[in-house]
Every structure is written in C-alpha cells, then in structure tokens.
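Working notes, structure below.
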Amino acid sequence: MSRPRGGGGSIGRVSFEPSKEPGEVGAMFDRVARRYDLTNSLLSLGQDRGWRRATVEALGIVPGDRVLDVAAGTGAVSVALANLGAQVTAVDLSPEMLAQARRRGLVGDVIVGDAADLKFADAAFDAVTMSFGLRNVADVPAVLRELRRVTRPGGRLVVCEFSQPVGAVWAAAYRAYLAGVLPVAARLVSSDPAAYTYLRRTIKAWPDQRNLSSTMAHAGWRNVRWRNLTGGIVALHQATNPA
Ligand SMILES: C[S@@+](CC[C@H](N)C(=O)[O-])C[C@H]1O[C@@H](n2cnc3c(N)ncnc32)[C@H](O)[C@@H]1O
C-alpha cells in the first residue's frame, strides 16, 4: 500500500492542519471503530441515517451493478447497496472499521486498501462512492482521478461529505455546534475524543460545494452537481465519467 505524506504536523506546541498520512488516519479509525456507529448517530443527532440513505438513492442501483464503496468504514452504505442487489466491493484503510462492517453482515469483497492506490483494473466498476471519506485523504485531486480510472465510461460517482451550511442561521448554529457541543459530546461518548478534534479541523478546512465541484471537474468528472442535506452541513456531489 502506498503511503503518501499528509500535509499536517506541528511546530513546537502549535499544531496546524491535521495529518492525513494514511498510516495515522487508519490507526485513528481503528481506535474509534468499535463505537463509531453509536458515536456518529449521537453526534449527528440521528441525521447520519438520512445522509447515507440519500447517498444510496443517488447511486440509482440496478441489481448486478458493480459498485466500489471507498472508505467504506463500518459498511452502512455497502450493506444497503448489497441489499439492493449490487455487487459491492468495500475498501478502507482501517481493518477494525472493516471488521465492524463484516459484523454488520457485509459479505464479499472487503479489502484493506488506500483510496489513492486502488488495486483494480481500469473501468472495473459501474459506480463508485465515498461517504465521509474524501475529506480524510491527503491528495483529493489524485483520489478523484483514481476513482475515475476504476469507473467505466458512463459510470457514476457519488460523494457524501460535510460541506458549508447555507444561510446565516444554519451557519451560526453549526459554528456553535462545532466549537461547543461536539468537543464535549465527543469526550462523553467516543473511545478517542482526539479523533473528533481531527473531525472538527478537517471539516473547517474542507472546500465548499462549488469548490469541490470544480475539483471534481478538474479531475475529469462530468455533469458534476450537488444537493445540500441538512441545510448544507452535508452535501451530496454526483458526477459521471465521460464516455
Ligand atoms: C468518517 S469514516 C466514514 C465511514 C463510512 N463511509 C461512513 O459513511 O460511515 C472515514 C473512513 O475513511 C477511511 N479512510 C480514510 N482515509 C482513507 C484512504 N486514504 N483510503 C481508504 N480509506 C480511508 C477511514 O479508515 C474511515 O473508515
């Protein structure tokens, strides 16, 4: 597995952008895996189910579709796709997250691997998806190109990720939540509260809907569009691999 360097680090005691070095990211998710689903539901106030449901619907699955779920984590999206008749391949850096996915009932191809270096042939999939994974990679344009390489011409991409809330009220409420509620709640329920400092920092540094669309288009995806969920706290980006 390749190990591209992340941009994060620290000088003395002043830390800047969080590290996205795959070894460190995978180890962090290994630590939170056992309580990930519960923590997620609590911290998102139950919104996470709707976000993943929207992701699955946007993929427009036809039984037999070959679908790659990258950064599949504990497999919530993968299992829903398999239940619709898709042939799902789940890839994630963290063996412990994937162990939870197997416990959830995910069978078939469950592979430890890096989004930046997928071990699949060109055009191997009808659709690819990443939910809450793209924000964690060190080189977003390179991963978007790698996703396109493994998607057949005419195939689809769906990315579900935190984004920028629209409107002053949503934005203010979200800022207060990230600064005040999230750290306290994470201390109470997570097995690794530091992981939720990472979450907050990566959300803050993440591009808005329009900028992510433009990065996707630069990576060669076409017909890029997005839909806001929960007032833009999350956005669903969709695109097509040109034929
Ligand atoms: C926030 S979790 C999301 C999991 C799942 N997709 C979901 O919606 O719940 C992020 C996942 O991305 C994985 N991940 C982070 N960087 C990755 C990379 N470069 N390649 C593959 N997986 C990665 C982590 O191990 C973790 O399981």
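Note that ligands are numbered from 1 as they come in the structure, with each ligand's atoms numbered from 1 the same way. Small disclaimer: the values here were computed from a predicted structure and weren't measured. The first residue of the sequence shown is numbered 1, and numbering continues consecutively from there.
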Note to self: Does atom CZ (R52) have a neighbourhood of more than 12 heavy atoms from anything else shown, all under 6.0 Å?
What the structure shows: yes
With a cut-off of 3.5 Å and sequence neighbours excluded, list every side-chain donor-acceptor pair involving residues 159-184.
| residue | atom | partner | partner atom | Å |
| --- | --- | --- | --- | --- |
| E161 | OE1 | G133 | N | 3.4 |
| E161 | OE1 | L134 | N | 3.4 |
| E161 | OE1 | R135 | N | 3.1 |
| E161 | OE2 | R135 | NE | 2.7 |
| E161 | OE2 | R135 | NH2 | 3.3 |
| S163 | OG | Q209 | OE1 | 3.1 |
| S163 | OG | Q209 | NE2 | 3.4 |
| Y177 | OH | L43 | O | 2.2 |

Note to self: For the backbone of V143 and the side chain of R148, can you confirm whether one donor and one acceptor N or O come within less than 3.5 Å of each other?
What the structure shows: no
Notebook entry, point to check: side chain to side chain contact (heavy atoms under 4.5 Å, CB included) with Y198: which of N136, D192, I203?
Noted result: N136
Result block: side-chain N/O donor-acceptor pairs under 3.5 angstrom for residues 215-224, not counting sequence neighbours:
| residue | atom | partner | partner atom | Å |
| --- | --- | --- | --- | --- |
| T215 | OG1 | N211 | O | 2.9 |
| H218 | ND1 | S214 | O | 3.0 |
| W221 | NE1 | L144 | O | 3.1 |
| R222 | NH1 | A217 | O | 3.2 |

Next item on the list: Mind jotting down which protein residues get a heavy-atom contact under 4.0 Å with ligand 1? Chain and number order, please.
Entry: V25, F29, Y36, R52, A71, A72, G73, D92, L93, S94, M97, G113, D114, A115, S131, F132, N136, V137
Per-pair distances, 0.1 Å, donor-acceptor, side chain in residues 75-83, under 3.5 Å, sequence neighbours excluded:
| residue | atom | partner | partner atom | Å |
| --- | --- | --- | --- | --- |
| S78 | OG | D69 | OD2 | 2.6 |
| N83 | ND2 | V79 | O | 3.4 |

